[in-house]
Visitor: 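Handing you a structure now.
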Amino acid sequence: MKTFDEMCLAFEAMDPLSYTVLLTKKAATVLPALAIATGSLEMGMATFGTFILGAVAADGKLSEEEYDLCRPLFELFFGDKADFESCKKAAALLRPESRELKKCVNDMTDLIGQLSDEFKEDVVLICMMICAIDGKISFKEKRWIKQLIK
């Protein structure tokens with residue numbers, strides 16, 4: 001099994017097409033599980049969408065490259081409100097020290113604890129991929145991801 005740092009390096013080197021394919025595949029397995037765990041598809045999507053936005057903003061910013069690669073997921077979660085400027089503003093509200101983001105992390109961690117190890121691995125992989133979209137998983141992003149592993 002690869003170590004955390006080896007996995008980070010592998011995702012940092014991944015090409016955009018591979019990102020899109022794997023991210024779409026993993027999201028397709030995570031969303032139904034979250035819908036069941038939260039009691040509704042809407043609540044599962046909102047929880048996961050906010051969490052994904054937090055992962056994107058874990059380093060304090062949302063780049064256009066990150067947005068472009070995550071746009072299909074953002075549109076799924078947030079509908080027409082998923083343009084770059086709106087997502088950028090929402091990400092700015094989710095600073096690592098914000099109450100909203102801490103609540104989101106706690107909610108997602110609680111949900112992960114209730115579900116299978118495979119589900120937890122998928123969520124961690126999704127977060128790693130999103131953080132690695134710009135070619136580098138920063139220290140802040142690694143710290144964000146490690147919250148899920150505990």
Side-chain angles (χ1 to χ4, degrees), residues 1-94 100-101 104-105 107-138 140-149:
M1 178 164 191
K2 291 184 178 182
T3 67
F4 181 81
D5 288 331
E6 289 171 332
M7 290 176 65
C8 288
L9 289 171
F11 285 121
E12 289 171 347
M14 190 177 277
D15 65 276
L17 180 59
S18 297
Y19 269 118
T20 304
V21 170
L22 187 56
L23 194 58
T24 302
K25 180 181 173 186
K26 292 297 180 185
T29 62
V30 168
L31 280 174
L34 281 175
I36 292 168
T38 61
S40 75
L41 180 59
E42 293 79 17
M43 182 59 78
M45 287 173 58
T47 301
F48 193 49
T50 303
F51 192 78
I52 293 300
L53 197 54
V56 169
D59 63 355
K61 60 188 178 291
L62 171 64
S63 71
E64 280 197 63
E65 180 181 30
E66 290 170 321
Y67 169 78
D68 287 341
L69 289 169
C70 292
R71 184 175 20 169
L73 288 177
F74 290 150
E75 289 172 350
L76 175 66
F77 301 137
F78 306 118
D80 293 340
K81 297 182 252 180
D83 63 273
F84 176 63
E85 287 304 317
S86 298
C87 288
K88 191 173 168 180
K89 287 177 186 173
L93 296 173
L94 294 174
E100 293 84 4
L101 192 55
C104 181
V105 170
D107 290 348
M108 185 60 93
T109 303
D110 290 346
L111 282 172
I112 288 173
Q114 297 172 19
L115 300 169
S116 71
D117 287 342
E118 183 179 332
F119 175 82
K120 181 178 181 177
E121 289 171 13
D122 285 347
V123 171
V124 170
L125 290 178
I126 288 169
C127 288
M128 285 180 139
M129 290 176 61
I130 289 171
C131 290
I133 283 174
D134 59 1
K136 178 73 177 142
I137 302 177
S138 71
K140 288 179 182 178
E141 290 169 329
K142 287 179 181 179
R143 191 172 61 210
W144 163 260
I145 297 164
K146 286 180 179 180
Q147 293 176 88
L148 297 174
I149 299 171

Visitor: Which heavy atom of Pro32 sits nearest to which heavy atom of Ala27, and what is that distance?
Guide: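 Minimum heavy-atom contact is CD-O, 4.3 Å.
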Visitor: For Leu125 and Met7, what are the C-alpha separation, side-chain angles and deciding distance, and is it a side-chain contact (heavy atoms from CB on, under 4.5 Å)?
Guide: CA-CA 9 Å; Leu125 290 178; Met7 290 176 65; 3.2 Å; yes
Visitor: Would you sort out whether Lys26 and Val123 count as a side-chain contact (heavy atoms from CB on, under 4.5 Å), showing the intermediate values?
Guide: CA-CA 8 Å; Lys26 292 297 180 185; Val123 171; over 6 Å; no
Visitor: Distance check, rounded to the nearest 0.5 Å: Lys142 atom NZ versus Cys127 atom SG?
Guide: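 Going from NZ on Lys142 over to SG on Cys127, the span is 15.0 Å.
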Visitor: Could you give the side-chain donor-acceptor pairs of residues 9-17 under 3.5 Å, partners two or more places apart or in another chain?
Guide:
from, atom 1, to, atom 2, distance (Å)
Glu12, OE2, Ile137, N, 2.7
Asp15, OD1, Ser18, OG, 2.7
Asp15, OD2, Leu17, N, 3.2
Asp15, OD2, Ser18, N, 3.0
Asp15, OD2, Ser18, OG, 3.3

Visitor: Is any side-chain heavy atom of Thr29 closer than 4.5 Å to a side-chain heavy atom of Glu118?
Guide: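 They are not in contact (no side-chain heavy atoms under 4.5 Å apart), so the answer is no.
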Visitor: For Asp117, which residues count as a salt bridge (charged side-chain N to carboxylate O under 4.0 Å, His left out) partner, sequence neighbours excluded?
Guide: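 In terms of salt bridge (charged side-chain N to carboxylate O under 4.0 Å, His left out), with neighbours along the sequence ignored, Asp117 is linked to no residue.
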Visitor: Output the distance between atom CG (Asp68) and atom CZ (Phe84), rounded to the nearest 0.5 Å.
Guide: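 Asp68 CG to Phe84 CZ: 8.0 Å, rounded to 0.5 Å.
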Visitor: Measure the OG1-CG distance between Thr38 and Leu31 for me, rounded to the nearest 0.5 Å.
Guide: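 Here the rounded value is 10.0 Å.
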Visitor: Taking C-beta and beyond as the side chain, do Ile145 and Phe4 meet within less than 4.5 Å on heavy atoms?
Guide: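 The answer is yes, as the side chains (C-beta and beyond) meet within the 4.5 Å cut-off.
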Visitor: Is Glu141 reaching over with its side chain to a backbone N or O of Ser138, donor-acceptor style, under 3.5 angstrom?
Guide: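 Pair found, side chain donor or acceptor close to backbone of Ser138.
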Visitor: What residues, two or more places apart in sequence or in another chain, satisfy salt bridge (charged side-chain N to carboxylate O under 4.0 Å, His left out) together with Lys25?
Guide: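 Testing Lys25 for salt bridge (charged side-chain N to carboxylate O under 4.0 Å, His left out), a comparison that skips the adjacent residues, returns none.
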